[in-house]
Participant: 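There's a structure below that I have some questions on.
Indexing begins at 1, ligand by ligand and atom by atom, following the structure's order. Below, each value reflects all heavy atoms present in this structure, side chains not excepted, and no hydrogens, waters or symmetry copies.
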Amino acid sequence: MSSEQDTHTGSERTQVAFRAEVQQLLNILAHSLYTDREIFLRELISNASDALHRMQFEMVTNRDVLDPQAELAIRIEADKDARTITISDSGIGMTRDEMIENLGTIAQSSARAFVAQANEEKRSVGEIIGQFGVGFYAVFMVADRVTVTSRSYRLDAEAATWEAAGDNTFEVGPSERAERGTTIVVHFKEDADEFANTWRLEQIIKRHSDFVAFPIYMDDRQVNQQQALWRRPPREVEVEQYPSFYKQLTLDTDDPLLHVHLSTEAPVDLHAILYLPTRRERGLIERRIEGKIKLYSRKVLIQEEAKDILPNHFRFIEGVVDSEDLPLNISREGVQSSSVMQRIRSALNSRLNRELNDLAAKEPEKYAQFWKEFGVFIKEGIASDFANRDDLLKLLRFHTTTSGDELVSLENYKGRIVEGQEEIYYVQAADLDAARRSPHLDPLTARGIEVLLMVDLMDSFMLTGLREYEGMKLHNIDDPDLELPGESPEAESALSDEEFEKLCEQCATALGDRIAEVRASKVLRDNPARLISKDPSAGREFQRIQQLLGQETQPQPRILELNRAHPLVVQLARRAAASDNDPIVAASAEQLYDNALLLEGLHTNPAAMVPRIQQLLEAAARSSGANDEQ
Ligand code: ADP
Ligand code: MG
């Protein structure tokens, strides 16, 4: 900061233009819905509360602050005749430069994101504004003039004022203010005078700001509950208070799917409320990326976006964690590695796992919702977090060949294996429908063996780390050497070896170096053909991942297996025996190959099949026409 320039400009009032993005934002807000407008108060109170939290933190880490004795509180007064309200806090305050920075030149990206969202979705702006880091401007839904007077907690800082009248500029200047904190005077527009009313304000505070951690006074009377909900014994909390606190904490408009309230004093002091949201995407750009847990020590907020409190795969969990045992003035790194923190982490993790397992047992529909939204995180955890493997395995769910719409756990699967089955079988495909049509299923369906369906990229990623479950290996059923329990007699074929060999030769010629070999299948029953891997090693999963990601890979040539007993194969063999270069045989070989890729989700250009399909249709039409004539 250049002090010379500061004393110069700091002594007079200066007019500054809002950034273009702010101007757009103000324009949208001026035309916001009536029903949204009360949100402005929530945003101003939330800023005051943030400033108080930061002050609290400064006081425990820094001795030299202005007004150390001042009560940490928010005061609100309404003046009906003047059509104003005044909101004051004893938080950290702002200097003149901080006001210009924070109240005039907001991060372009977040303003732009908000403007885009508001325009595109016609969503109610009040619902979403706070999540974009532009909450302060919500006041311009109701105000035609706003004055901010502030003095920073720093001893050498000077007080300053900021004023805007809803056009494209604001004015900053010096102020005589002596005490620490910020006062905002809102001059309401004519049609917003309902808000200059104590009763109306109190109603809004109850609805949106009841759980703010500092007292909110109106006429010297505290109007919020100001309770740290998480510090109360769970049995004393009313069940509706949990979703209500969740909404105030996260600004989500849906209720959470699950809440977990922990309150223990030993072996570690720990008070926490954790929430499982209903949805992963809330239709907006997530602003909080670092972590979704607020970390308190003795009710002082020490980290607003704490990460590493929960394992990475639970990073969608939101909530508050509070412990008396955490030292207040500890560095971030210190917090991470302290032994108290490790105990807290393990207590939270095991409780969350327990609650999720309970949810699965007692409320399968809610669990299915959880799985739909957050299953990918669990799958990712399987691949990357070995330490939590056992817990994660319990949370996994699958669709299978026999489960219909139900989700199946590995434990369920294990309980249903057939006699002699020692492995867990899975098939990979483009989607559930394709998986259920996979030719690889033929021998398993014949034996009544259930197969897990693996259909997305994250499944493939998970498989790189999921090799067995309770002593049972997971086995991809496209393995050429698959040994299955039980018997399934080979189907009779009308073809001679010689006829079949000729067909194999012609298919091999048609497919060239895309395949390594064409041979008879011992397992196919309902399907004419399948592709199998030559080398069924772990490298396969990586190759599939690369292919699904559209990366350039040199796919290994695969083996085309033909079902000698299938009518299509029989007909093609007859043709191959009659002619050495029958175009229908070549086109059919190509199409069988493409069909296999398509079901596996690995076909890169299905439209290219159309001319060939038409060629085959034409041949079919011609031959059936010939039959009619006979
Ligand atoms: P956000 O609160 O998400 O950062 P806002 O638009 O609500 O976004 O506020 C912008 C910034 O203005 C805040 O981050 C803070 O630095 C500053 N600010 C607003 N109100 C106050 C206040 N009462 N005391 C101190 N700083 C404030
Ligand atoms: Mg804010």
Participant: Identify, with sequence neighbours excluded, every residue that meets side chain to side chain contact (heavy atoms under 4.5 Å, CB included) alongside N62.
Facilitator: E58, D64, V65, Y153
Participant: Hey, is there an N, O or S on S46 sitting under 2.8 Å from the Mg ion (ligand 2)?
Facilitator: no
Participant: Backbone or side chain, does any N or O of G135 fall under 3.5 Å from an N or O of ligand 1?
Facilitator: yes
Participant: We want to know whether N349 and N388 form a side-chain donor-acceptor pair, criterion being a heavy-atom distance below 3.5 angstrom.
Facilitator: yes
Participant: Between F314 and I378, is any pair of side-chain heavy atoms under 4.5 Å apart?
Facilitator: yes
Participant: Could you tell me whether E324 and R231 have a side-chain N and a carboxylate O separated by less than 4.0 Å?
Facilitator: yes
Participant: Show which side-chain atoms of residues 210-219 pair as donor or acceptor with protein atoms under 3.5 Å away, not counting sequence neighbours.
Facilitator:
| residue | atom | partner | partner atom | Å |
| --- | --- | --- | --- | --- |
| D210 | OD1 | Q225 | N | 3.2 |
| D210 | OD2 | Q225 | NE2 | 2.9 |
| Y217 | OH | E71 | OE2 | 2.7 |

Participant: Which of these, N47, I87, I184, has its nearest heavy atom closest to atom 19 (C) of ligand 1?
Facilitator: N47
Participant: Among E101, R54, M94, which residue places a heavy atom closest to atom 18 (N) of ligand 1?
Facilitator: M94
Participant: When you measure from the heavy atoms of E43 to every atom of ligand 1, does any distance fall below 4.0 Å?
Facilitator: no
Participant: Under 4.0 Å from any heavy atom of A51, which atoms of ligand 1 are there?
Facilitator: 24 (N), 25 (C)
Participant: Any N or O of Y137 that comes nearer than 3.5 Å to an N or O of ligand 1?
Facilitator: no
Participant: If the threshold is 4.0 Å, N to carboxylate O, is there a salt bridge linking R315 and E380?
Facilitator: yes
